[in-house]
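What's counted below: heavy atoms across the whole structure, side chains too, no hydrogens, waters or symmetry copies.
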Amino acid sequence: MAEARIKSREEDYAQWYQDVIAQADLAEVAGVVKGCMVIKPHGYAIWEEMQKDLDRRFKETGHKNTMFPLLIPMSFLEKEAEHVEGFAPELAVVTHAGGKELEEAYCIRPTSETIIGHFFSKWIDSHRDLPLLINQWANVMRWELRTRIFLRTGEFLWQEGHTAHSTHQEAKEEVQRMLEVYRDFARDVMAMPVVCGIKSANERFAGALETLTIEGIMQDGKALQCGTSHDLGQNFGKAFDVTFQNEEGVRDFVWQTSWGVSTRLVGALIMTHSDDDGLVLPPKLAPIHVVIVPIYRKDEERDAVLEAANRIAGDLRADGLRVEVDSRTGMKPGAKYYEWERKGVPMRLEIGPRDLEAKAVMAKMRLAESDERGRPVKENLAWENLGVEVGKRLDAFQQLLYDRALAMREAGTQVVDTWEEFTAAFEGTKSAFVYAHWDGTTETELAIKDATKATLRCVPLPGEGPAVEEGKCVKTGNPSAQRVLFAKNY
RNA sequence: AGCGGAUUGGCGCAGUUUGGUAGCGCGCCUGGUUUGGGACCAGGAGGUCGCAGGUUCGAAUCCUGUAUCCGCUACCA
């Protein structure tokens with residue numbers, strides 16, 4: 001009876017991912033604009049929850065929001081050699097406007113370091129202007145060759161923080177601080193454990209001295225870069241002449257940082273928690289915490305049930321919960337159950353005549369155990385103190401998701417010392433988080449990628465990954481200071 | 001960008017080999033009966049077959065070009 005709306009993860013992981021997005025009604029490929037997506041209300045609502053939480057964290061760390069132009073003069077990109085080399089191949093360029101060819105072409109921003117650098121040079125004169133701490137919520141465009149919805153699209157939403165400091169030390173502290181904001185957000189809000197580390201020279205941001213990253217592991221063992229924080233040094237300061245006079249009256253270039261996360265996080269959320277029944281959302285990001293499904297036969301029952309459902313919804317909302325009453329007619333309760341489960345709603349309350357009698361509701365969590373007859377376990381909750389009890393269960397659900405994700409990461413993590421073990425971990429389409437010694441050269445990094453498709457995700461920061469010890473490179477046998485993280489990636 | 005596959009009502013597909021003017025399932029609309037894990041009956045609406053050329057008396061079907069999507073590769077948040 002149950003037609004397979006969602007391909008199982010085991011059968012076809014990539015198809016499963018697309019099916020979950022379609023069935024949860026999160027987004028769709030635009031089609032009429034190559035590589036671009038339409039984010040639908042349920043998907044956008046998740047992004048809005050992410051924005052709300054992150055925006056608060058950015059403001060708590062002293063940043064203010066801004067808006068810079070979508071279009072950037074082409075000459076701006078060319079001012080920083082590595083930057084233009086890195087981004088030129090994926091630029092969309094505007095050559096005509098107002099019915100005539102432009103004197104100078106604009107590109108649609110792939111990121112805003114250059115145009116922000118230009119304005120920083122206008123705004124900064126004195127050490128008293130520093131630090132300058134801003135953020136922008138924006139769309140950017142990178143003309144990628146292959147689209148994967150939420151993970152890699154031509155246009156995407158993100159935030160980009162840009163800061164300027166008087167010393168390199170202060171800039172480095174900012175880079176670290178914002179990485180920690182991302183890590184905390186991933187862990188505490190997305191229920192997603194991440195590995196914090198430093199990108200190799202080969203993987204770092206075009207124009208940065210150093211790029212810090214948070215790397216998440218997906219259910220298929222592949223890594224997803226979930227956020228980055230860059231130490232730009234004085235590269236953009238020099239390119240855009242961003243200088244200030246220090247306390248001694250000496251003019252110097254500012255030290256800059258930039259950091260960002262994107263709507264890719266929605267993809268990370270899906271591939272961390274969801275299952276073959278569809279989307280699974282952590283309560284802290286779920287647009288709907290609780291859906292109430294009324295059950296009735298006769299009209300009199302219907303009125304009484306709906307009245308109770310609406311009253312309960314009102315009470316729960318007053319407790320700060322996001323609640324929806326599914327009062328659609330002509331749809332059996334079972335059909336509603338499946339729909340809300342596909343959409344990832346963490347908790348469902350069923351209320352019918354029997355419950356009115358008992359002054360209670362039946363509660364079912366999105367990840368319920370099944371009984372011996374294969375039916376999901378439900379729990380009877382009294383009306384009295386319902387908000388408190390629901391809140392407890394949502395908190396427990398948030399924790400459960402984190403625990404599951406952490407267990408998944410542990411099961412998918414290996415410490416490897418031989419090339420045989422290394423290649424075995426990445427055989428065929430397999431992937432895992434593999435910690436192995438590396439000799440520190442780009443040459444070896446590329447040779448490993450060539451042989452196994454595994455990429456160097458990061459050099460773990462202190463406290464991340466296995467205990468630091470010296471060893472020999474898994475590929476070349478040359479000396480290595482510590483193990484680094486390899487995985488195939490999205 | 002390279003190689004391969006695809007594009008036919010909202011969705012999933014058949015029809016293409018062998019050219020004759022489009023069909024099925026789901027969904028949708030109306031009415032009725034239903035409603036504690038994906039309801040049923042009856043009636044109904046909806047398609048210039050991705051787009052542009054060409055061949056032909058006639059093209060969803062053959063040819064050329066092109067766009068978009070999917071898979072692998074490559075590039076990247």
Base-pairing mate for [N] - Watson-Crick or G-U, with both contacts under 3.5 Å:
| N | result |
| --- | --- |
| B:C62 | B:G54 |
| B:G38 | none |
| B:C69 | B:G5 |
| B:C11 | B:G25 |
| B:U16 | none |

Atom pair distance, as rounded to whole Å: [atom1] in [X] and [atom2] in [N]:
| X | N | atom1 | atom2 | result |
| --- | --- | --- | --- | --- |
| A:Leu306 | B:G36 | CG | C1' | 15 Å |
| A:Leu145 | B:C72 | CG | P | 15 Å |
| A:Asp276 | B:G38 | CG | C1' | 17 Å |
| A:Trp158 | B:C76 | CH2 | C1' | 12 Å |
| A:Asp371 | B:G36 | CG | P | 17 Å |
| A:Asp450 | B:U73 | CG | P | 13 Å |
| A:Asp25 | B:G10 | CG | C1' | 12 Å |
| A:Met192 | B:A77 | CE | P | 16 Å |

Item to complete: Compare the ring of A:Phe156 with the six-membered ring in the base of B:A77 and state whether they stack (centres under 5.5 Å, planes under 30°).
Response: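 Stacked: centres under 5.5 Å apart, planes under 30°.
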Worksheet item: So, do A:Tyr337 and B:G37 meet the stacking rule of ring centres under 5.5 Å and planes under 30°?
Response: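 So no, this residue does not stack on that base, at least one cut-off failing.
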State yes or no: are the ring centers of [X] and [Y] separated by less than 6.0 Å?
| X | Y | result |
| --- | --- | --- |
| A:Phe236 | A:His83 | yes |
| A:Phe433 | A:Phe486 | no |
| A:Phe58 | A:Trp259 | yes |
| A:Tyr17 | A:Tyr13 | no |

Item to complete: Could you please spell out the steps behind the side chain to side chain contact (heavy atoms under 4.5 Å, CB included) verdict for A:Glu113 and A:His162?
Response: CA-CA 7 Å; A:Glu113 276 75 8; A:His162 295 270; 3.5 Å; yes
Item to complete: Could you pick out which residue, A:Tyr490 or A:Tyr296, lies toward the 5' side of RNA chain B when each is mapped onto its nearest nucleotide?
Response: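 Looking at RNA chain B, the more 5' nearest nucleotide goes with A:Tyr296.
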Worksheet item: Starting at the 5' end of RNA chain B, which residue's closest nucleotide do you reach first, A:Pro294 or A:Thr228?
Response: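 Looking at RNA chain B, the more 5' nearest nucleotide goes with A:Pro294.
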Any donor-acceptor pair under 3.5 Å joining the side chain of [X] to the base of [N]?
| X | N | answer |
| --- | --- | --- |
| A:Glu339 | B:G37 | no |
| A:Arg375 | B:G36 | no |
| A:Arg152 | B:C76 | yes |

Kindly say if [X] contacts the phosphate of [N], meaning a side-chain N or O under 4.0 Å from OP1 or OP2.
| X | N | value |
| --- | --- | --- |
| A:Arg354 | B:G36 | no |
| A:Arg5 | B:C11 | no |
| A:Arg148 | B:A77 | no |
| A:Lys34 | B:C69 | yes |
| A:Lys449 | B:C75 | yes |
| A:Gln18 | B:C11 | no |
| A:Lys336 | B:G37 | no |

Discussion item. Students often mix this up, so state it plainly: with edges at 30° and 60°, are the rings of A:Phe68 and A:Phe119 parallel, tilted or perpendicular?
Written reply: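 Aromatic pair A:Phe68/A:Phe119 classed tilted.
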Can you check the distance between [N] and [M], where both ends of the measurement are the [atom1] atom (answer in whole Å)?
| N | M | atom1 | value |
| --- | --- | --- | --- |
| B:C63 | B:U55 | C1' | 7 Å |
| B:G44 | B:U8 | C1' | 22 Å |
| B:A45 | B:C28 | C1' | 8 Å |
| B:A74 | B:G20 | C1' | 47 Å |
| B:C41 | B:G4 | C1' | 47 Å |
| B:A59 | B:A67 | P | 25 Å |
| B:G23 | B:C70 | P | 31 Å |
| B:C13 | B:G9 | C1' | 13 Å |

Of the nucleotides [options], which one has an atom closest to the side chain of [X]?
| X | options | value |
| --- | --- | --- |
| A:Ala335 | B:A39, B:A74, B:G37 | B:A39 |
| A:Thr153 | B:A77, B:C69, B:G36 | B:A77 |
| A:Tyr338 | B:C70, B:G36, B:G38 | B:G38 |

Discussion item. Side chain to side chain contact (heavy atoms under 4.5 Å, CB included), that's the test. Do A:Val195 and A:Arg457 meet it? Break it down for me.
Written reply: CA-CA 9 Å; A:Val195 174; A:Arg457 301 318 304 157; over 6 Å; no
Practice prompt. Kindly determine whether A:Trp383 and A:Leu356 satisfy side chain to side chain contact (heavy atoms under 4.5 Å, CB included), including the steps that lead there.
Written response: CA-CA 10 Å; A:Trp383 290 353; A:Leu356 294 189; 3.8 Å; yes
